[in-house]
There are 2 protein chains.
Amino acid sequence: MAGGGILNNTEVRKQKRKRNTRQKAVVYQVVLDSHDHPTAEKVYERARKELPNISLGTVYRVLKELSQEGKIKEIIVNKQSHFEGRTDFHHHFICRSCGKIEDVETPMCRYTCRKVEQKGYVVEDIEYKFYGLCSKCAQKKGIELE
Amino acid sequence: MAGGGILNNTEVRKQKRKRNTRQKAVVYQVVLDSHDHPTAEKVYERARKELPNISLGTVYRVLKELSQEGKIKEIIVNKQSHFEGRTDFHHHFICRSCGKIEDVETPMCRYTCRKVEQKGYVVEDIEYKFYGLCSKCAQKKGIELE
DNA sequence: TCCTTAAATAATAACTATTCCTTATAAAAA
DNA sequence: TTTTTATAAGGAATAGTTATTATTTAAGGA
């Protein structure tokens, strides 16, 4: 049969078709406006103020899409995804007492990368996490111990 | 009523009693003998060769105990726990193609730590993860692209 | 040695974050 | 406007893990 196996112009155009939905726009905006590294559930909560009928599944899917498109970043803490609008190179400090996640500005450790690359590895992504007590919780603990 | 609220000697001794079980010994040995950062499920599989009736729940509980005692280390990759017998300061490279986890010897980044501590944070633990392609997968991909 | 006791176990139910599935809806092409 | 199909909503399903409970067993003492 003619045309079998190879896509014609119409089919190619169809494949590329992408829709611009309000749900995606709202979820993206919520992440951009949030500076506390919200979980999917928190993003859902906030998005519902704008779009009361949005579903949690949609939030999860859109968050994954946006991450893959490089528009937002996913940070995993305690096996749970958190999201942020900052996409430049930086890392995170996680307070074990209050759970707060804070950004840490860090230069990439060239020495380490070189060492890894010497083994023939290709480094695509680097993730540093610092765990401990944030200043507030450290202070509180200091007071308690006195 | 007499004696209420305060523990007597017998009660104190009872509280401290800890049992040495075959299950715990076997799970520990399995982790020490494994050099591939096994998951709980994999540890379970291996422990069953020695103790066919051991339960998965026990494996999970013992792995957590051993981690808390500092005898083994837990590494979380893709929201899944892996375990290793090495407990000294080192980090990990994770191959996105084959999933292999490899140890990376790294000096602690003093500059970064100092920067974090300047904010009044108390750093208790540091975790570096490098994601990419291991030498084998990088080579394979190189060949494919030719 | 046998008893006692509570810590640890096996078995299994429950939980939680996330993904998958199905039907319905709506954005964009025609 | 009509058609097309990507995306949405709602809910079921899944995976990894933790909690619960009745049972077993290691350890200390009689």
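Naming convention: chains lettered A, B, ... in sequence-line order (proteins, then strands); numbering from 1 in each chain.
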Verify salt bridge (Lys or Arg N to Asp or Glu O under 4.0 Å) between A:Lys42 and A:Glu45, making sure each step is shown before the conclusion.
CA-CA 5 Å; A:Lys42 271 260 172 288; A:Glu45 250 176 54; 3.6 Å; yes

Given the side-chain rings of A:His82 and A:His92, with only the six-membered ring counted for Trp, is the space between their centroids under 6.0 Å?
no

Heavy atoms within less than 4.0 Å of DNA chain D: which residues of residues 42-65 of chain A have one? Give them sorted by number.
A:Asn53, A:Ile54, A:Ser55, A:Thr58, A:Arg61

Derivation of the salt bridge (Lys or Arg N to Asp or Glu O under 4.0 Å) call for A:Arg86 and A:Glu105:
CA-CA 12 Å; A:Arg86 263 191 80 175; A:Glu105 318 304 321; 3.0 Å; yes

Atom CZ of B:Phe130 and atom CD of A:Glu127: how far apart are they, to the nearest 0.5 Å?
10.5 Å

Write down the distance between CD1 (B:Ile76) and C1' (D:dA15), rounded to a whole number of angstrom.
15 Å

Without decimals, in angstroms, what is the distance between B:Arg22 CZ and D:dA27 C1'?
17 Å

In whole angstrom, what separates A:Arg19's CZ from D:dT3's C1'?
13 Å

Expressed in angstrom and rounded to an integer, what is the separation of B:Gln80 atom CD from D:dA15 atom C1'?
9 Å

Ignoring backbone atoms, test whether A:Gln23 places a side-chain nitrogen or oxygen under 4.0 Å from the OP1 or OP2 oxygen of D:dA9.
yes

A:Lys24 atom NZ is separated from D:dA6 atom C1', nearest whole Å, by 11 Å

When rounded to whole Å, the CZ to C1' distance for the pair A:Phe83 and C:dT18 reads 10 Å

d(CG, A:Asn20; C1', C:dT25) in whole Å
16 Å

Nearest-angstrom distance from the residue atom NZ of B:Lys79 to C1' of D:dG16
12 Å

Check every strand shown and say whether A:Thr39 touches a base, only sugar-phosphate, or nothing at a heavy-atom separation below 4.0 Å.
nothing

